[in-house]
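No experiment lies behind these values; they were computed from the predicted model shown.
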Amino acid sequence: QVQLVESGGGSVQAGGSLRLSCAASGISFTRYAVAWFRQAPGKEREFVAVISQRHGSIIHADSVKGRFSISKDNARSTVILQMNNLKPEDTAVYYCAASQTIISSQLRSQAGYAHWGQGTQVTVSS
């Protein structure tokens, strides 16, 4: 059974940093694309970043480019989202998602991911 567990959320002041982790059990991240999405209150869930299963290609959403960084530790089946220079608009529940079969054109789409974590809250105050 596949299980993804996020951790590392919390409350910070604007300009601060947080490091989110997504740990997997039941699968090895080596063959999975792993992404982060987020959902703010009253808003749609949106793509944040992904590291693909092929070649480890990395994509960040424009809204977080230069501030957030996704990385993968295959040996520990863990994906990290390092978030720096946080802004109040980054406040959301952050979810990790994984897929073994997703194609490149779907990497930014929720529909492409079969496995999801329960989410971790990130709150940024001004």
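Without hydrogens or angle criteria, Arg67 side chain to Ser63 main chain gives a donor-acceptor distance under 3.5 Å. Panel note: side chain Thr91, backbone Val124; a donor-acceptor pair is recorded below 3.5 Å. Between the Ser126 side chain and the Pro88 main chain, no donor and acceptor come within less than 3.5 Å of each other. The closest donor-acceptor contact from the side chain of Glu6 to the backbone of Thr120 lies at 3.5 Å or more, if one exists at all. Side chain of Ser57 to main chain of Ser52: no donor-acceptor pair is present (N/O by atom type, distance under 3.5 Å, no hydrogens or angles). Between the side chain of Lys72 and the main chain of Ile51, no donor-acceptor pair closer than 3.5 Å is present. Side-chain atoms of Gln53 come within 3.5 Å of backbone atoms of Ile102 as a donor-acceptor pair (strictly under, hydrogens ignored). The main-chain N or O of Phe47 is never found under 3.5 Å from a side-chain atom of Arg108 such that the two would form a donor-acceptor pair. A donor-acceptor pair is defined here as one N or O able to donate and one able to accept, closer than 3.5 Å; no such pair exists between the side chain of His115 and the backbone of Gln100.
Checking Val93, Leu81, Val122, Asp90 one by one against Arg38, the side-chain contact (heavy atoms from CB on, under 4.5 Å) holds for a single residue, Asp90.
Looking at every heavy atom in both residues, Tyr113 comes nearest to Ala33 through CE2-O, 4.0 Å. Heavy atoms only, all atoms of each residue included: Phe37 and Ala35 are closest at CE1-CB, 3.7 Å. Nearest heavy atoms, Leu18 versus Gly8: CD2-O, 3.8 Å. The nearest pair of heavy atoms linking Ser69 to His60 is CA-NE2, 3.4 Å. Nearest heavy-atom pair across Tyr95 and Gly117 is CD2-O, 3.7 Å.
Grouping the Ile, Leu, Val, Met, Phe, Trp and Tyr side chains by contacts below 4.5 angstrom, directly or via other members, places Tyr32 with Ile58. Both Val64 and Ile70 are part of a single hydrophobic cluster, where members link through side-chain heavy atoms under 4.5 Å apart. Residues Tyr94 and Trp116 do not share a hydrophobic cluster, clusters being chains of Ile/Leu/Val/Met/Phe/Trp/Tyr side chains in contact below 4.5 Å. Under the 4.5 Å side-chain heavy-atom criterion for ILVMFWY residues, a single connected hydrophobic cluster contains both Val2 and Phe29.
Considering CD1 of Ile27 and CD of Gln1, their distance stands at 11.5 Å, rounded to 0.5 Å. Note that OG of Ser99 and CD of Gln110 are 13.5 Å apart. Values are rounded to the nearest 0.5 Å. Separation of atoms CD1 (Ile59) and OG (Ser104) is listed at 7.5 Å; rounding is to 0.5 Å. Leu4 contributes atom CG, which lies 9.0 Å from atom CD of Gln118 (distance to the nearest 0.5 angstrom). The OG atom of Ser17 sits 8.0 Å away from the CG atom of Asn85 when rounded to the nearest 0.5 Å.
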Derivation of the side-chain contact (heavy atoms from CB on, under 4.5 Å) call for Arg76 and Ser21 | CA-CA 11 Å; Arg76 294 180 171 84; Ser21 294; over 6 Å; no

Val79 vs Trp36, side-chain contact (heavy atoms from CB on, under 4.5 Å): CA-CA, chis, key distance, verdict | CA-CA 9 Å; Val79 170; Trp36 288 93; 3.6 Å; yes

Stepwise salt bridge (Lys or Arg N to Asp or Glu O under 4.0 Å) test for Lys65 and Asp62 = CA-CA 5 Å; Lys65 204 170 290 184; Asp62 288 345; 3.0 Å; yes

Evaluate the side-chain contact (heavy atoms from CB on, under 4.5 Å) criterion for residues Leu20 and Phe68: first the C-alpha distance (whole Å), next the side-chain angles of each, then the deciding distance (0.1 Å), finally the verdict.
-> CA-CA 10 Å; Leu20 303 185; Phe68 292 12; over 6 Å; no

Carefully, step by step, assess Met83 and Val12 under the rule side-chain contact (heavy atoms from CB on, under 4.5 Å).
-> CA-CA 11 Å; Met83 306 188 297; Val12 296; over 6 Å; no

